[in-house]
Colleague: 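The structure's right below; bear with me while I get my questions together.
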Amino acid sequence: MASNAASVLVASNRGPVSYTLDETGRLTARRGGGGLVSGLSAIGPGTDAVWVCSALNDSDREAVRRTGGTLDPADTGGQHVRMLDVDAQMHAAAYNGIANSVLWFVHHMLYQTPMEPVFDTEFRRQWAAYEGYNRAFAEALAEEAAEGAAVLVQDYHLTLTPRMLRELRPDLRIGHFSHTPWAPPEYFRLLPDDIAAQVLGGILGADRAAFLTQRWADAFTDCCHAVLGPGIPSGTRIGVHGLGADVEFLRERAHRPDVAERMRTLRAQIGTAPDGRPRKTIVRVDRTELSKNIVRGLLAYEELLRSRPEWRERVVHVAFAYPSRQDLAVYREYTAEVQRVAAEINSRFGTPGWTPVELHVKDDFARSLAAYRLADVALVNPIRDGMNLVAKEVPVVSDEGCALVLSREAGAYEELGEDAVTVNPYDIVGTARALHEALSMGPGERAERTKRLAAQATALPPARWFLDQLAALEG
């Protein structure tokens, strides 16, 4: 146990800081955001909380070597962070081979099952790396934790860690939180039986397993019954903690000068309709993640222009599709398909004064916030999503009120569905009809819906989401 043992610990693949190494050998730290950063900050700077994470690239590994893994608080915003120098090949096999190419695909139900998955000897080799990766976290947490400490383990990268940590330190109070959906038993059982049991048993090593919605919590319980037998054999308690938008941060950040500058640029790109009025905007902001369903969203917009010609030259689809996981071929291909379909729509319908799709693939947070403020319609149509914070962020930031077109398969649907225009994410014609309905919505109704959506979206801010889990674990 470390001499400066922590009473609260968080474990996640990605930490609150990443590094870049320039040609002179100088390391530069870049701090990230998100719910965990806000949550840990809510505990207070004077506490002995520790965040355990993994080095993700060579620059991170160099930072670990120079610091011994205990990062300089000046780099981390004052947080105590221990970064693990997991072997690069082990990390690649665990992260890309298992977490992102197997567990993510299972929980988001993304496999084209006539051809995949294939659980062969290469899969078993990668699974051994995933076990080693989880063990590295369990051992680090065991070293850092004070007697009886509370440990909050995050997500599908670390499903085995709770059980491993329990065996090393039975005195600890351990929680696991799943940020993804959880697959129903019939899909979860695509996994080999022993692996399915290991994943469930790993999480059941925690005192408490928590999820973003009741639907995902129920699916986990159903999988335990189907794979392990009736009842939850470990006595693990199941909890639900929805994650809301960080309203104070978003509203302050959305009114900085760089956002105003991006708004002017976007307005110029969108232009005006032939009658001189501003064009309507359909906005989406996503990573080019397979589950986000960007291609079908574009096809639905194409169907809107085909079936409702009155919208031609009167609407622009502002689509931000920021590349994700480009080290995996299937994601590179998907990103290319998004670009191809957008170009095809512009070629088919575009005029000298009107570009139907304004597609941006370079990540720019200020531009995303500018689009949030300008949006008449927000399109959020994932195949499956644990929550989807974009659906919650747009109503919070919108200047004039925004109609939300929302997939019933997003976790956010449980909270926002009543005031959204709901779609089946696979139904292109239905989604085109929903876009027409949203574009046609009167300003009064749109403003009222936005007000109610924003109230729901901010009901559980990230700090409360984190502290509620901690309180439930300690209670």
Colleague: In Å and rounded to the nearest 0.5 Å, what is the NE2 to CG distance from H176 to L165?
Modeller: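 One finds 12.0 Å between NE2 of H176 and CG of L165.
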
Colleague: Could you tell me if the side chain of V285 sits less than 4.5 Å from the side chain of V380, heavy atoms only?
Modeller: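 SC-SC contact between V380 and V285 ruled out.
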
Colleague: Taking D207 for the side chain and G175 for the main chain, is one N or O donor matched with an acceptor at less than 3.5 Å?
Modeller: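 Flag not set: sc D207 to bb G175 has no pair under 3.5 Å.
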
Colleague: Taking all atoms of both residues into account, what is the closest heavy-atom pair of G148 and L172, and its distance?
Modeller: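 So the two residues come closest at N-CD2, 4.2 Å.
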
Colleague: Carefully, step by step, assess D60 and M83 under the rule side-chain contact (heavy atoms from CB on, under 4.5 Å).
Modeller: CA-CA 8 Å; D60 286 355; M83 186 177 278; 3.8 Å; yes

Colleague: Could you work out, with ring pair (Phe, Tyr, Trp, His ring centres under 6.0 Å) as the rule, every residue matching Y301, not counting sequence neighbours?
Modeller: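 Partners of Y301 by the ring pair (Phe, Tyr, Trp, His ring centres under 6.0 Å) criterion, ordered by chain and then number, come out as H317.
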
Colleague: Strictly distance-based, threshold 3.5 Å: is any side-chain N or O of R296 a donor or acceptor partner for the main-chain N or O of I428?
Modeller: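 Looks like no, no N/O pair under 3.5 Å.
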
Colleague: List the residues meeting side-chain contact (heavy atoms from CB on, under 4.5 Å) with E344, not counting sequence neighbours, and say none if there are none.
Modeller: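 Partners of E344 by the side-chain contact (heavy atoms from CB on, under 4.5 Å) criterion, ordered by chain and then number, come out as E302, R340.
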
Colleague: Do side-chain atoms of T281 reach the backbone of V283 as a donor and acceptor pair under 3.5 angstrom?
Modeller: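 No; judged by distance alone, with no hydrogens or angles, the pair does not exist.
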
Colleague: Apply side-chain contact (heavy atoms from CB on, under 4.5 Å) to A268 and list each qualifying residue two or more places apart in sequence or on a separate chain.
Modeller: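 If we apply the side-chain contact (heavy atoms from CB on, under 4.5 Å) test to A268, skipping adjacent residues, there are no hits.
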
Colleague: Quick check: closest heavy atoms across L158 and N13, and the distance to 0.1 Å?
Modeller: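 Minimum heavy-atom contact is CD1-N, 4.3 Å.
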
Colleague: Is the side chain of N57 donor-acceptor paired with the backbone N or O of S59 at a distance under 3.5 Å, no angle test?
Modeller: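 Judged by distance alone, yes, a pair lies under 3.5 Å.
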
Colleague: Under 3.5 Å, is there a donor on one side chain and an acceptor on the other for R163 and N134?
Modeller: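 Checked: R163/N134 side chains show no N/O donor-acceptor pair below 3.5 Å.
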
Colleague: For R262 and L369, run side-chain contact (heavy atoms from CB on, under 4.5 Å): C-alpha distance rounded to whole Å, both residues' side-chain angles, the deciding distance at 0.1 Å, then the answer.
Modeller: CA-CA 9 Å; R262 304 299 197 284; L369 290 173; over 6 Å; no

Colleague: Looking only at atom types and distance, does a side-chain atom of Q79 sit under 3.5 Å from a main-chain N or O of V81, one as donor and one as acceptor?
Modeller: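 No, Q79 side chain to V81 backbone: no donor-acceptor pair under 3.5 Å.
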
Colleague: Please identify each residue that fulfils ring pair (Phe, Tyr, Trp, His ring centres under 6.0 Å) with Y156, with sequence neighbours left out.
Modeller: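 Listed in chain order: W104.
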
Colleague: Under 4.5 Å between any side-chain heavy atoms of L84 and V64, yes or no?
Modeller: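 No - every pair of side-chain heavy atoms lies 4.5 Å or more apart.
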
Colleague: Donor-acceptor pair, distance only, cut-off 3.5 Å: does the side chain of R82 make one with the backbone of W51?
Modeller: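 Not a single qualifying donor-acceptor pair exists.
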
Colleague: Write down the atom of A6, the atom of D48, and the distance for their closest heavy-atom approach.
Modeller: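 Looks like CB-O, 2.9 Å.
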
Colleague: Do T70 and T67 come close enough that some side-chain heavy atom pair is under 4.5 Å?
Modeller: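 A side-chain contact under 4.5 Å is absent here.
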
Colleague: When you measure from the side chain of N388 to the backbone of A410, do you find a donor-acceptor pair of N or O atoms at a distance under 3.5 Å?
Modeller: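 No, the answer is negative, given that no donor and acceptor are paired below the 3.5 Å cut-off.
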
Colleague: So, taking the atom named OG in S407 and the one named CG in N381, what distance separates them when rounded to the nearest 0.5 Å?
Modeller: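 One gets 6.5 Å once the value is rounded to the nearest 0.5 Å.
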
Colleague: Ignoring hydrogens and angles, write down the donor-acceptor pairs under 3.5 Å from the side chains of residues 468-475, residues two or more places apart or on other chains.
Modeller:
unit_1: D468; atom_1: OD2; unit_2: R464; atom_2: NE; d: 3.2
unit_1: Q469; atom_1: NE2; unit_2: W465; atom_2: O; d: 3.3

Colleague: Identify whether the distance between the nearest side-chain nitrogen and carboxylate oxygen of R256 and D258 falls below 4.0 Å.
Modeller: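 Not counted as a salt bridge, because no side-chain N and carboxylate O are separated by less than 4.0 Å.
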
Colleague: Check whether any side-chain heavy atom of S54 sits under 4.5 Å from a side-chain heavy atom of F137, and report yes or no.
Modeller: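 When only atoms from C-beta onward are counted, F137 and S54 do touch, with a gap below 4.5 Å.
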
Colleague: Is V102 close to L191 at the side-chain level, that is, under 4.5 Å between some pair of heavy atoms?
Modeller: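 Result yes, sub-4.5 Å side-chain heavy-atom pair found.
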
Colleague: Taking all non-hydrogen atoms of both residues into account, name the closest pair between P356 and N346 and its distance.
Modeller: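 Smallest heavy-atom distance, with atoms named: CD-OD1, 3.1 Å.
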
Colleague: For a 4.5 angstrom cut-off between non-hydrogen side-chain atoms, does P278 reach I270?
Modeller: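 A side-chain contact under 4.5 Å is absent here.
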
Colleague: Any donor-acceptor pair under 3.5 Å linking the side chain of T450 with the backbone of G401?
Modeller: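 Checked: no pair found.
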
Colleague: For E358, which residues count as a side-chain contact (heavy atoms from CB on, under 4.5 Å) partner, sequence neighbours excluded?
Modeller: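 Q269, V316, T355, H360.
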
Colleague: Which residues pass the side-chain contact (heavy atoms from CB on, under 4.5 Å) test with A94, sequence neighbours left out?
Modeller: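 Checked A94 against side-chain contact (heavy atoms from CB on, under 4.5 Å); matches are Y130, Y133.
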
Colleague: Sequence neighbours excluded, which residues qualify as salt bridge (Lys or Arg N to Asp or Glu O under 4.0 Å) partners of E248?
Modeller: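 With neighbours one apart ignored, the set is empty.
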
Colleague: Does any non-hydrogen side-chain atom of V10 lie less than 4.5 Å from one of F466?
Modeller: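 When only atoms from C-beta onward are counted, V10 and F466 do touch, with a gap below 4.5 Å.
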
Colleague: Taking only residues two or more places apart in sequence or in another chain, which ones pass ring pair (Phe, Tyr, Trp, His ring centres under 6.0 Å) with Y334?
Modeller: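 Ring pair (Phe, Tyr, Trp, His ring centres under 6.0 Å) list for Y334, sorted by chain: empty.
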
Colleague: side-chain contact (heavy atoms from CB on, under 4.5 Å), that's the test. Do N293 and V295 meet it? Break it down for me.
Modeller: CA-CA 6 Å; N293 207 24; V295 170; over 6 Å; no

Colleague: Which value, rounded to the nearest 0.5 Å, describes the distance between L416 atom CG and R449 atom CZ?
Modeller: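 Reported value, rounded in 0.5 Å steps: 12.0 Å.
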
Colleague: For atom CD of E252, decide whether the heavy atoms of other residues, nucleotides or ligands shown that lie under 6.0 angstrom number more than 12.
Modeller: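 Yes, enclosed.
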
Colleague: Give the minimum heavy-atom separation between A140 and V52, together with the two atoms involved.
Modeller: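 Scanning both residues, the minimum pair turns out to be CB-CG1, 4.1 Å.
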
Colleague: Can you pull out every salt bridge (charged side-chain N to carboxylate O under 4.0 Å, His left out) where at least one residue sits in residues 384-398? Sequence neighbours excluded, please.
Modeller: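 The answer is K292-D385, K392-E415.
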
Colleague: Calculate, to the nearest 0.5 Å, the distance between atoms CG and OG belonging to L103 and S101 respectively.
Modeller: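 L103 CG to S101 OG: 10.0 Å, rounded to 0.5 Å.
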
Colleague: Could you tell me if the side chain of L406 sits less than 4.5 Å from the side chain of V421, heavy atoms only?
Modeller: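 In short, these two side chains do not touch, never coming nearer than 4.5 Å.
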
Colleague: Counting N and O atoms only, with roles assigned by atom type, does the side chain of R373 sit under 3.5 Å from a partner on the main chain of V397, one being a donor and the other an acceptor?
Modeller: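 No; zero donor-acceptor contacts below 3.5 Å.
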
Colleague: Enumerate the side chain to side chain donor-acceptor pair (under 3.5 Å) contacts for residues 417-434, please, sequence neighbours excluded, ordered by first and then second residue.
Modeller: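 Every side chain to side chain donor-acceptor pair (under 3.5 Å) pair that includes a residue of residues 417-434, provided the two are not neighbours, is D419-R452.
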
Colleague: Taking only Lys NZ, Arg NE, NH1 and NH2, and the carboxylate oxygens of Asp or Glu, determine whether D58 and R61 approach each other closer than 4.0 Å.
Modeller: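 Yes, charged N to carboxylate O under 4.0 Å.
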
Colleague: Which word best sums up how the rings of H107 and W182 line up, parallel for under 30°, tilted for 30 to 60°, or perpendicular for over 60°?
Modeller: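 Taking W182 first and then H107, their aromatic rings sit tilted (interplane angle of 30° to 60°).
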
Colleague: Just checking, any donor-acceptor pair under 3.5 angstrom between side chains of Y413 and T213?
Modeller: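 Absent: no donor and acceptor within the cut-off.
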
Colleague: Go through the structure and list residues passing ring pair (Phe, Tyr, Trp, His ring centres under 6.0 Å) with H241, not counting sequence neighbours.
Modeller: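 Per chain and number, H241 pairs via ring pair (Phe, Tyr, Trp, His ring centres under 6.0 Å) with no residue.
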
Colleague: Stepwise, does the salt bridge (Lys or Arg N to Asp or Glu O under 4.0 Å) test hold for R408 with E414?
Modeller: CA-CA 8 Å; R408 66 191 185 195; E414 277 192 19; over 6 Å; no

Colleague: So, the side chain of S398 versus the backbone of V394: is there a donor-acceptor pair under 3.5 Å, distance only?
Modeller: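 No.
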
Colleague: As an exercise, state the distance from CZ of R314 to OG1 of T272, rounded to the nearest 0.5 Å.
Modeller: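 One finds 13.0 Å between CZ of R314 and OG1 of T272.
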
Colleague: Examine the side chains of W311 and H436 and answer whether a donor and an acceptor come within less than 3.5 Å of each other.
Modeller: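 Yes, H436 and W311 have a side-chain donor paired with an acceptor closer than 3.5 Å.
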
Colleague: Output the distance between atom CD1 (I238) and atom CD (Q214), rounded to the nearest 0.5 Å.
Modeller: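 CD of Q214 is found 9.5 Å from CD1 of I238.
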
Colleague: Are any of the side-chain nitrogens in D155 or R14 under 4.0 Å away from the carboxylate oxygens of its partner?
Modeller: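 A salt bridge is absent here (no side-chain N lies under 4.0 Å from a carboxylate O).
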
Colleague: For residues Q154 and S12, report the shortest heavy-atom separation together with the two atoms involved.
Modeller: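 So the two residues come closest at CB-CB, 3.9 Å.
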
Colleague: Run the side-chain contact (heavy atoms from CB on, under 4.5 Å) test on Y19 and D75 for me, step by step, so that the C-alpha distance in whole Å, both residues' side-chain angles and the decisive distance to 0.1 Å come before the verdict.
Modeller: CA-CA 9 Å; Y19 290 89; D75 290 346; 3.0 Å; yes

